Amino acid sequence: MRNNPLARLSARKSIRAHMLWSFVASFFVGFGASVAVPNVPEIPGRIVYNIFMSFGTFSLVFILTFFFLTRRTIGYLLRLSEGLEAIAGGDLGYRFPAVREDELGRIAGNINAMAEKLELQIEKERRSEQSKMELITGVSHDLRTPLTSMIGYLELLTAKGYRDESEYDRFVGNAYNKALQLKELIDDLFEYTRLTSHDAKLRLMTVDLNELLGQIEAEFQPLARERGISVETSLPRTPLPMKLDPDKIRRAIDNLLMNALKFSLKPGVVRISLAARDGGGRRTAEIRIENDGRPITREQEERLFERFYKADDSRESSSARGGAGLGLSIARSIARLHGGDIRLRHADGHYDFRIELPAGGASAAEQPESGGYVR
């Protein structure tokens with residue numbers, strides 16, 4: 001608009017042009033009204049009287065016309081003032097209507113954008129604070145449960161509250177299992193904190209992702225059979241070399257497989273597949289882990305990757321030991337650390353988790369290494 005002379009003269013596009021044209025129009029209307037005032041020759045001092053009447057008529061008509069032509073602009077300025085007072089008073093949901101195309105319209109748009117950013121920032125801080133409270137609550141609850149059980153068994157052992165050696169061994173075994181569960185929870189929390197910190201490092205090496213996934217599937221088969229789950233795989237016949245951190249990728253895939261194992265219908269099937277994708281100017285590898293379980297709501301689906309979130313009402317399995325709700329968060333953090341992501345497609349209880357990894361390597365901080373993957 002600045003480079004267009006005609007746009008500068010448009011009263012719709014420029015408040016300065018609007019004021020100028022309002023002034024010019026008011027001047028000519030006032031001048032015409034003053035000319036139309038009839039002379040009164042029979043009054044003494046008629047020249048002074050006629051001048052006074054013409055000037056008075058001009059002034060009155062000029063002011064009324066200028067006020068009429070600029071009333072909408074002045075009204076909008078007053079609305080801007082009232083809106084700024086409302087926003088300053090904490091009403092960040094206040095928005096100015098986009099009815100003008102001049103400087104005032106752009107000011108209103110900038111104020112709306114500022115208010116929206118402030119509202120989003122405050123909402124982000126509120127969610128961050130809520131997330132911290134959920135973190136403390138989740139850690140406290142998940143650590144307290146096995147710790148309380150351990151203390152109970154140890155108190156029984158200390159007080160010799162067992163009937164025979166078999167019950168003694170059972171108490172010791174239960175306390176040991178609770179200690180392992182506590183260690184697993186602490187390890188998950190430590191891993192999640194480390195992965196989401198700014199100094200997270202990857203130990204990259206060239207790995208045949210096809211071979212790595214085959215090894216993970218072979219290790220997963222016995223555990224799945226114990227739970228009444230069969231495993232179906234669809235892996236390419238040719239190698240798929242990728243530059244990644246094999247230990248972290250293994251951890252991400254293990255977490256997704258254990259999630260599928262816990263929440264699959266029994267008997268059921270877990271499907272594992274791998275494919276190379278070309279699209280958007282880049283080559284990616286896509287790992288898919290599918291299973292059938294109980295359906296979840298849209299809200300639960302959106303929160304499934306949040307830390308410490310567990311959709312207990314719809315996905316809880318009585319035969320599976322509950323975790324800390326960090327497995328999926330850790331898996332997504334690992335994928336994003338590699339420059340990829342994890343997405344879920346859910347429909348009527350069918351869960352399709354997809355790990356997308358770029359073939360070009362990671363985007364996060366790296367500690368590169370050469371060599372293949374050796375198990």
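Bear in mind the structure is a predicted one, so any value in this text is a computation, not a measurement.
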Quiz item: Roughly how far, to the nearest 0.5 Å, is the CZ atom of R127 from the CD atom of E123?
Solution: 4.5 Å
Quiz item: Does the side-chain contact (heavy atoms from CB on, under 4.5 Å) test come out yes or no for V269 and D292, once each step is laid out?
Solution: CA-CA 7 Å; V269 180; D292 293 310; over 6 Å; no
Self-check item: Salt-bridge criterion met for R288 and E290 (N-O under 4.0 Å)
Solution: yes
Quiz item: Using a side-chain heavy atom cutoff under 4.5 Å and only I, L, V, M, F, W and Y, what cluster partners does F171 have?
Solution: Y153, L154, L156, L157, Y162, Y168, V172
Quiz item: Are any side-chain N or O atoms of N210 and backbone N or O atoms of P236, one a donor and one an acceptor, separated by less than 3.5 Å?
Solution: yes
Practice problem: Show your working on side-chain hydrogen bond (donor to acceptor under 3.5 Å, both in side chains) between Q221 and E217 and close with a plain yes or no. | Solution: CA-CA 6 Å; Q221 283 277 10; E217 181 268 336; 2.5 Å; yes
Quiz item: Stepwise, does the side-chain contact (heavy atoms from CB on, under 4.5 Å) test hold for M205 with K243?
Solution: CA-CA 5 Å; M205 60 181 68; K243 188 178 181 182; over 6 Å; no
Quiz prompt | Salt bridge D245-R203, side-chain N to carboxylate O under 4.0 Å | solution = no
Exercise. Measure the CG-CG distance between N177 and L182 for me, rounded to the nearest 0.5 Å.
Key: 12.5 Å
Quiz item: Can you check whether I334's main-chain N or O pairs, donor with acceptor, with H338's side chain at less than 3.5 Å?
Solution: yes
Practice problem: Would you please indicate yes or no on a ring centroid separation below 6.0 angstrom for Y351 and F263? | Solution: no
Quiz prompt | Heavy atoms of other groups near E125 CD, more than 12 under 6.0 Å | solution = yes
Practice problem: Any chance you could lay out the salt bridge (charged side-chain N to carboxylate O under 4.0 Å, His left out) test for E129 and R126, step after step, and finish with the verdict? | Solution: CA-CA 5 Å; E129 189 66 26; R126 187 189 67 81; over 6 Å; no
Quiz item: Between L357 and T284, does a side-chain contact (heavy atoms from CB on, under 4.5 Å) hold up when you go through it step by step?
Solution: CA-CA 5 Å; L357 299 173; T284 61; over 6 Å; no
Exercise. Kindly determine whether H350 and R345 satisfy side-chain contact (heavy atoms from CB on, under 4.5 Å), including the steps that lead there.
Key: CA-CA 8 Å; H350 179 75; R345 295 186 180 180; over 6 Å; no
